[in-house]
Asker: 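Here you go, one structure.
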2 protein chains.
Amino acid sequence: MSAEDTQWEPPLVTVTVDLVIFTVRDGALHVLLIDRGIEPYLKYPALPGGYIDKGETLEEAALRELHQETSLDARTLHLEQLRAYSDPQRDPRGRVITVAYLALGPDLPLPVGGSDAAAAYWAPVSDALARQLAFDHAAILRDGLEHARSQLEHTTVAAAFCTEPFTISDLRHIYEAVWGFKLDPSNFRRKVTRTDGFLEPTGQHHLPQTGRPALLYRRGKAATLSPPLLRTSQASILNGNLTDQPPFEGP
Amino acid sequence: MSAEDTQWEPPLVTVTVDLVIFTVRDGALHVLLIDRGIEPYLKYPALPGGYIDKGETLEEAALRELHQETSLDARTLHLEQLRAYSDPQRDPRGRVITVAYLALGPDLPLPVGGSDAAAAYWAPVSDALARQLAFDHAAILRDGLEHARSQLEHTTVAAAFCTEPFTISDLRHIYEAVWGFKLDPSNFRRKVTRTDGFLEPTGQHHLPQTGRPALLYRRGKAATLSPPLLRTSQASILNGNLTDQPPFEGP
DNA sequence: TGAATAGTGTCTATTAGACAATATGCT
DNA sequence: AGCATATTGTCTAATAGACACTATTCA
């Protein structure tokens, strides 16, 4: 580099944060999208986000945007940095680097018409992936989805999707929604109950529409899952999700 | 946000990339450091890095810096983004956001006195962690180390530390240097040889100073390791690294 | 009672850890 | 031969997948 050249000044760039906010509703993974009210990409769906302010960290900016978009207390949400996106052409207005954040939360109240976002709404992730999103948000969404799926293998963040208290079935439905295939209830229960600190029993019961009452739990203190709870290729075969598998040849 | 306010302009920030460059030499993990030649943090050790140029991606900037610091063809190195650091106070000169990259490479030639870096040198990571580094580079180094350790569990990047062709012992020494404890040679061999695409046998042999000749391998095409090769707490107990373990009570 | 969901038990296959045993070069 | 390292094999413990079975509630 040439930081000491007499006349040289480092280039200045605009920095934004973009949020991939996931929740599970009606058994399906949803992502928060807004329809853009301004150019470029007018009326295209996009991830919520905004410029970073002076004097705040990227995480603070992400929390601020999160609060603005969801009107939710950000303390109840899980937030983590995904990565930075820096293609010089990613914004037609000029050089804008964005840092994407992943937020996971329980079934949230529908965001009220935000301050400036034209319209914010929950979209099923399968729909969002199929639509054309503004900027490079399709890639960011794909990365966020893959990161979330991977996080469920190695950490206890799945519980961040649940409203406390919750049942083991609730938790399993989270995994099924995020991973996109069904899990064996018995083996799933064994795994999560034997992982110290994943679940904290409340002693209370939940009465479902029909069937035996289920024990209710709260999130435990453990953050990681070791050994991990892996999505093996087997799981999708054995549970009927054959989308990525070669056809099965019967005997 | 208020992007549409008539007078409002988004704040501009300076963006840098910083590199955590690891290699294994003499059986120990080393990181590339420079001694700063300018204020602030004059004469403090720091991670190599520099400003991003107009029109280049962060990754291109990282590759450019990497080449400048190591004089090495960056194509032989593994490079991946770590995360962004954005504390407004992290640089006393003003608002500078940095994106850290992790680079892994085989035992590299000692970098020649770089263009402007006062002095670049390989430091054992244990030493580097104990020293006071410039800016928030100590935190970046810690994050980079933990990320590298975790990557070795789930991917085949360990082979990026090896000069081809290499033996299974060479590869095991990488794991031992990065993780900081010894592995069972027999079980390690079983794991890596049974992972399809990790190693590609060359048919050639390597003659060690003493002992039976070892088969030589090249990197295979597989990128991930599933199931992963986990560093369990057991491994450190059973191999004599008791730093984080409670004392063993004999019968 | 039967439907529906929660929860338990069990068998088997896979994998990892411990470690013995064998192989092959060198001095 | 004896040493050092590579490589193979074997036993055991832990874990996951498959799935049968029992438990509890309501209609």
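Chain naming here is simple, since letters A, B, ... match the order of the sequence lines and numbering starts at 1 in each.
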Asker: Nearest to the side chain of B:R190, which nucleotide is it out of D:dG17, D:dT8, D:dT10?
Answerer: D:dT10
Asker: Rounded to whole Å, please give me the gap between CG in B:D184 and P in D:dG9.
Answerer: 16 Å
Asker: In this structure, is the centre-to-centre distance between the rings of B:F188 and B:Y175 below 6.0 Å?
Answerer: yes
Asker: Please check: side-chain N/O of B:T57 versus main-chain N/O of A:S86, any donor-acceptor pairing under 3.5 Å?
Answerer: no
Asker: Roughly how far apart are A:R172 CZ and A:F166 CZ, rounded to 0.5 Å?
Answerer: 13.5 Å
Asker: Are side-chain heavy atoms of A:T98 and A:I140 found at a separation under 4.5 Å?
Answerer: yes
Asker: Find the distance B:N187:CG to D:dA14:C1' and express it as a whole number of Å.
Answerer: 14 Å
Asker: Within the pair B:K191 and C:dA16, is there a side-chain N or O less than 4.0 Å away from OP1 or OP2?
Answerer: yes
Asker: What is the distance, to the nearest angstrom, from the CG atom on B:L171 to the C1' atom on D:dT5?
Answerer: 17 Å
Asker: Going by distance alone, is a donor N or O of one side chain under 3.5 Å from an acceptor N or O of the other, for B:T23 and B:D107?
Answerer: no
Asker: Under the salt bridge (Lys or Arg N to Asp or Glu O under 4.0 Å) definition, can you give me all pairs with a residue in residues 144-163 of chain A, not counting sequence neighbours?
Answerer: A:E146-A:R231, A:E153-A:R231
Asker: If each of B:P228 and A:D170 is mapped to the nucleotide of DNA chain C with the nearest heavy atom, which maps nearer the 5' terminus, i.e. the 5' end?
Answerer: A:D170
Asker: Test side chain to side chain contact (heavy atoms under 4.5 Å, CB included) on A:Y85 and A:D143; report intermediate values, then the result.
Answerer: CA-CA 11 Å; A:Y85 296 81; A:D143 291 351; 2.5 Å; yes
Asker: Nearest whole Å is fine: how far is D:dT15 C1' from B:L230 CG?
Answerer: 12 Å
Asker: Check the distance between D:dT5's C1' and B:F188's CZ and give it to me in whole angstrom.
Answerer: 16 Å
Asker: For A:Q204, is there any backbone N or O sitting under 3.5 Å from a side-chain donor or acceptor partner on A:T202?
Answerer: yes
Asker: Do NZ/NE/NH1/NH2 and the carboxylate oxygens of A:E164 and A:R219 come within less than 4.0 Å?
Answerer: yes
Asker: Using a 4.0 Å heavy-atom cut-off, does B:L215 contact any base of the nucleic acid, only the sugar-phosphate backbone, or nothing at all?
Answerer: sugar-phosphate
Asker: In whole Å, what is the span from the NE2 atom of A:H206 to the C1' atom of C:dG7?
Answerer: 15 Å
Asker: Starting at the 5' end of DNA chain D, which residue's closest nucleotide do you reach first, B:H173 or B:S186?
Answerer: B:H173
Asker: Given C:dG7, D:dT7, C:dC19, identify the nucleotide with an atom nearest to the side chain of A:R189.
Answerer: C:dG7
Asker: Using whole Å, report how far CZ of B:R231 lies from C1' of C:dG17.
Answerer: 18 Å
Asker: Of A:E65, A:E80, A:Q81, which meets side chain to side chain donor-acceptor pair (under 3.5 Å) against A:Y101?
Answerer: A:Q81
Asker: If you check every side-chain atom of B:S169, which of D:dA6, C:dA6, D:dA16 has the closest atom?
Answerer: D:dA6
Asker: In residues 150-158 of chain A, what residues come within less than 4.0 Å of DNA chain C, judged by heavy atoms?
Answerer: none
Asker: Using a cut-off of 4.0 Å between protein heavy atoms and nucleotide atoms, how would you tag nucleotides 21-27 of chain D 5' to 3' with B, S and -?
Answerer: --BBB--
Asker: In whole angstrom, give the distance that lies between atom CG of B:L225 and atom C1' of C:dT15.
Answerer: 13 Å
